[in-house]
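Below is the structure I would like to discuss, written out as structure tokens.
Just so you know, these numbers come straight off a predicted model, no measurement behind them. In what follows, every chain begins at residue 1, and chains take the letters A, B, ... in the order their sequences are listed.
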Amino acid sequence: MKQFLSVVLFGAAAVALVSAAGTDGEISFEYHRYEEMRKALVSVWLQCPTITRIYTIGESFEGRELLVLEMSDNPGTHEPGEPEFKYIANMHGNEAVGRELLIYLAQYLCNQYQQGNETIIDLIHNTRIHLMPSMNPDGFEKAASQPGEIKDWFVGRSNAQGVDLNRNFPDLDRIIYINEREGGANNHLLQNMKKAVDENTKLAPETKAVIHWIMDIPFVLSANLHGGDVVANYPYDETRTDDVMFKSLARAYSMYNPVMSDPHRPPCRKNDDDSSFKDGITNGGAWYSVPGGMQDFNYLSSNCFEITLELSCDKFPNEDTLKTYWEQNRNSLVSYIEQVHRGVKGFVRDLQGNAISNATISVEGIDHDITTAKDGDYWRLLAPGNYKVAASAPGYLTVIKKVAVPYSPATRVDFELESLMERKEEEREELMDWWKMMSETLNF
Amino acid sequence: MALKYVGVFVIFQLLALNVVSQISAFPTPTATTDDKTVYNRQLTEERPLQEQIAEADSVKAAVQSAESRRPTASKDTESEQERDDLTVLKTLASGQKSKETAEAPVRKQDQYVPDESDSTKSRRLAEDYDSTKNGMDDGKYQDDPESFRQVDGTPLTAEDIVQKIANKIYEEDDRGVFDRIVSKLLKLGLITESQADTLEYQVAEALQDLITKNARNNEIEDMESNDQETRGEQDDQGSDANTDTWEPPRRRYDDEDEEVDDDETEDEVDRDAEEDGGDAADNTWDKDTEEGNEVSPEDGLQDLQYFPNFYRLLRSLNSDQDTQERETLITIMKTLIDFVKMMVKYGTITPEEGVSYLENLDAMIAMQTKNKLGKSLGPPDFTGPNGKNLDEDDNTKAEAAKMQKEYENLKDSTKEEQPSTETNQPGKSETYLEAIRKNIEWLKKHNKEEGKDDYDLSKLKDFMDQQVDSYIEKGIIAKDEGDTIKRIYSSL
């Protein structure tokens with residue numbers, strides 16, 4: 001009886017309070033300031049503690065944590081063979097839509113996982129997804145603190161020091177152009193990276209933190225979320241390099257976004273030149289040059305392929321448009337993560353089964369090599385086709401294998417490399433055997 | 001000769017030391033609390049605007065009090081003879097005051113900040129003593145109800161004080177007068193809390209008399225004063241926000257104006273007792289309930305009588321075996337009402353929303369009672385957030401927590417109508433509670449599907465505790481949030 005009456009009271013209270021305006025399932029579409037963002041991420045972690053983990057890669061100039069929510073079936077550990085993926089948003093503090101989308105994405109993935117969505121469950125079990133809603137929380141606070149509905153085009157863009165973070169990365173493009181002309185490495189261009197980064201006084205703390213992050217985790221695929229236009233932008237235009245793959249990646253995002261892929265979409269501003277936009281994608285080199293940008297830095301200093309997503313004409317639109325942006329981007333965001341499971345992947349080991357880290361994986365016809373991670377695992381994104389893939393490492397004999405690569409999933413190709421010493425040993429033994437045989441036969 | 005130099009040198013050293021020690025121990029009015037505040041600033045959420053204003057105000061006031069004179073400042077009230085006593089009491093009270101300043105940010109207008117560094121500075125400027133110069137403020141100073149002496153210098157009796165205060169409140173239509181005076185008296189240690197309560201009742205009565213007296217004189221005036229009081233109260237949201245929530249229901253449920261006045265005053269008294277009690281608010285409730293049970297059940301349920309359906313429900317539980325349940329329900333209801341008041345007080349919802357919520361609640365109670373009693377009920381499906389069998393105490397806790405969570409929903413929906421990117425979230429523990437609840441539910445369902453045994457709650461708890469600690473260390477969660485999370489887990 002006592003429980004019943006309590007039920008009556010509770011039921012009454014609950015019913016009286018229900019008003020479900022503007023929520024998609026359990027997501028609440030609103031802007032999150034720093035504290036709210038932090039709490040939202042903590043709530044996702046509390047709801048899904050077995051598949052999520054929050055960590056910080058460092059602090060912004062004003063001391064805000066650069067928070068990352070990681071989602072995987074084994075959060076906190078790199079499982080050998082499991083590809084690493086990242087989304088980074090809001091590196092320009094006043095480009096706010098990406099930041100919110102990543103918070104909603106975190107909530108969405110957690111909810112869907114618990115509701116038994118097979119696609120999401122598979123994705124989380126087979127990928128390690130890192131979500132950084134804001135690389136520039138200081139800038140965001142500045143932008144968000146502006147009074148009134150209309151936010152200035154520039155306020156909050158740079159970090160608290162006035163540094164444009166997307167111009168602050170070491171400019172490796174210069175080096176690659178030189179190398180292309182005169183010969184030289186086509187990947188991992190920042191030698192002695194750790195030292196160079198720590199001693200570089202021009203780097204903002206946010207930039208430094210991200211560079212360390214890129215060095216620590218063997219990211220395979222990434223996207224960088226911006227605002228101010230609506231297009232998926234990818235690096236370079238040399239046909240020798242990964243142009244085909246990048247186009248495919250960019251399209252994999254844009255095609256699920258009805259606004260981005262709309263061929264008749266009017267430009268964001270009357271005088272904009274959208275002539276280079278096709279199917280919602282555009283090549284970075286053709287559009288406008290960004291020296292010191294994060295996208296190119298990823299590709300040139302690490303194995304990670306990164307594209308830049310411009311998600312909204314308005315950099316800091318009205319809060320009541322956020323739900324629409326989510327609906328436009330949700331499928332794209334998930335589809336793009338799935339792209340990490342393409343091309344070839346596998347392990348490079350020696351003949352005893354030990355992993356060979358930092359081995360080189362090169363693909364004939366593509367002038368960009370990638371390297372294996374600590375467990376000898378690698379992931380080489382490739383568009384469908386026939387390829388010759390070579391694995392090499394200093395002191396080892398190169399092995400080349402032919403592979404037919406479909407669109408998806410990734411094809412498993414493992415390499416067992418024979419070290420030079422072993423080969424010499426073999427040859428020596430063969431020689432000894434022959435000598436023994438000869439001497440026995442000829443009796444000397 | 002040498003001695004002279006040594007002497008000079010020694011004196012110079014002393015001076016230098018003095019200077020150095022003064023520089024290194026740079027005195028500030030709120031030195032001790034500053035460190036804590038700064039530390040907390042790192043990890044706690046952006047503090048509500050009012051609090052920051054309050055803090056800024058209190059610092060500003062401390063500076064200003066030394067230089068300017070406030071028209072209704074309480075230091076005006078000190079008379080020559082009492083000043084010595086009061087200085088001693090002030091220094092005693094200031095220790096408490098700095099704490100109270102932190103605890104009562106909403107009452108920013110009522111803060112009295114004496115400048116302790118120099119007792120002579122608390123004297124008013126010379127011209128103040130010369131009453132001939134204060135043409136305008138003469139009346140106020142001379143007959144300031146906040147002074148402790150009559151015009152002719154004889155000490156005031158208790159009745160006089162009560163009358164003066166009541167008069168002032170009536171004239172100014174400002175209940176805050178009472179709060180200011182009483183808080184000053186309390187801070188100065190001149191009265192105890194129970195005396196403050198008594199004073200409150202007496203002032204209320206005196207005010208009541210005043211109102212009825214004037215009502216008889218002129219009925220139109222009565223209406224106006226009613227409206228003025230309403231408006232006055234509504235304007236005075238800073239310290240009396242919760243009175244506003246009661247305005248419309250009172251108007252609706254009571255027909256006669258005089259009854260409205262009665263109830264206003266009585267409720268004001270109740271709420272003053274709560275406000276002044278601060279943490280003792282719960283005690284006040286309990287005290288009321290206890291007294292109510294002993295003396296008369298109606299007295300303890302003054303607020304609740306505005307929920308006629310709930311009240312009917314309670315009355316139906318008049319039998320002996322239902323008393324405990326009755327108590328539970330009353331507690332739940334009062335908790336709920338307190339939440340509404342708090343929400344309104346902190347500006348999370350507007351008073352109108354609070355009122356409409358409570359009205360809806362009452363209507364829903366009626367409907368639900370009818371529905372539930374209409375059907376024959378087996379054991380209810382409802383279980384607490386942890387799904388276990390709860391004893392009554394946990395039931396109350398769980399329901400209160402659920403109500404908080406539902407409140408969070410209401411708050412969110414109102415946020416959408418008025419998008420504000422800067423809100424205090426007193427319901428953050430409820431968001432976390434909700435998230436944890438979803439996790440537990442999923443774990444149970446998941447394990448059932450997989451055919452495993454029940455998930456290991458203690459292992460999960462240990463794991464979460466560990467994670468929470470590491471997150472606190474890294475600055476991802478604040479310490480108090482971590483404690484909340486641990487508490488929620490340990491209560492499962």
For this session: Examine whether an atom of B:I485 lies under 4.5 Å from a heavy atom of chain A, and if so say whether it belongs to the side chain, the backbone or both; otherwise answer neither.
Result: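 It is the side chain, since no backbone atom gets that close.
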Exercise. So how far is it from B:L443 CG to A:Q114 CD, rounded to the nearest 0.5 Å?
Worked result: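 Separation between the atoms: 8.0 Å.
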Exercise. If you measure from CG on B:N439 to OG on A:S43, what distance do you get to the nearest 0.5 Å?
Worked result: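 One gets 12.0 Å once the value is rounded to the nearest 0.5 Å.
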Exercise. If you measure from NZ on B:K438 to SG on A:C48, what distance do you get to the nearest 0.5 Å?
Worked result: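 Taking NZ in B:K438 and SG in A:C48, the distance rounds to 9.0 Å.
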Exercise. What distance do B:R437 atom CZ and A:Q47 atom CD have between them, rounded to the nearest 0.5 Å?
Worked result: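 Going from CZ on B:R437 over to CD on A:Q47, the span is 9.5 Å.
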Exercise. So how far is it from A:W45 CH2 to B:M464 CE, rounded to the nearest 0.5 Å?
Worked result: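 Rounded to the nearest 0.5 Å, the CH2-CE separation comes to 3.5 Å.
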For this session: Mind running side chain to side chain contact (heavy atoms under 4.5 Å, CB included) on B:W442 and A:Q115 for me, showing each step along the way?
Result: CA-CA 8 Å; B:W442 176 78; A:Q115 286 164 29; over 6 Å; no
Exercise. Measuring from A:L46:CG to B:I477:CD1, what's the distance to the nearest 0.5 Å?
Worked result: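 Between A:L46 CG and B:I477 CD1, I get 7.0 Å after rounding to 0.5 Å.
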Exercise. Between A:R38 and B:E481, does at least one N-O distance fall below 4.0 Å, as a salt bridge requires?
Worked result: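 A salt bridge is present here (some side-chain N lies under 4.0 Å from a carboxylate O).
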Exercise. What part of A:T50 is in contact with chain B, defined as an atom under 4.5 angstrom from a non-hydrogen atom: side chain, backbone, both or neither?
Worked result: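 Side chain only.
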For this session: Tell me, for A:I54 versus chain B, whether the close heavy atoms (under 4.5 Å) come from the side chain, the backbone, both or neither.
Result: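 Answer is both: backbone and side chain atoms of A:I54 are under 4.5 Å from chain B.
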For this session: Find the one option among A:E59, A:H32, A:E65 whose heavy-atom pairs under 4.5 Å with chain B are most numerous.
Result: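 The candidate making the most pairs under 4.5 Å is A:E65.
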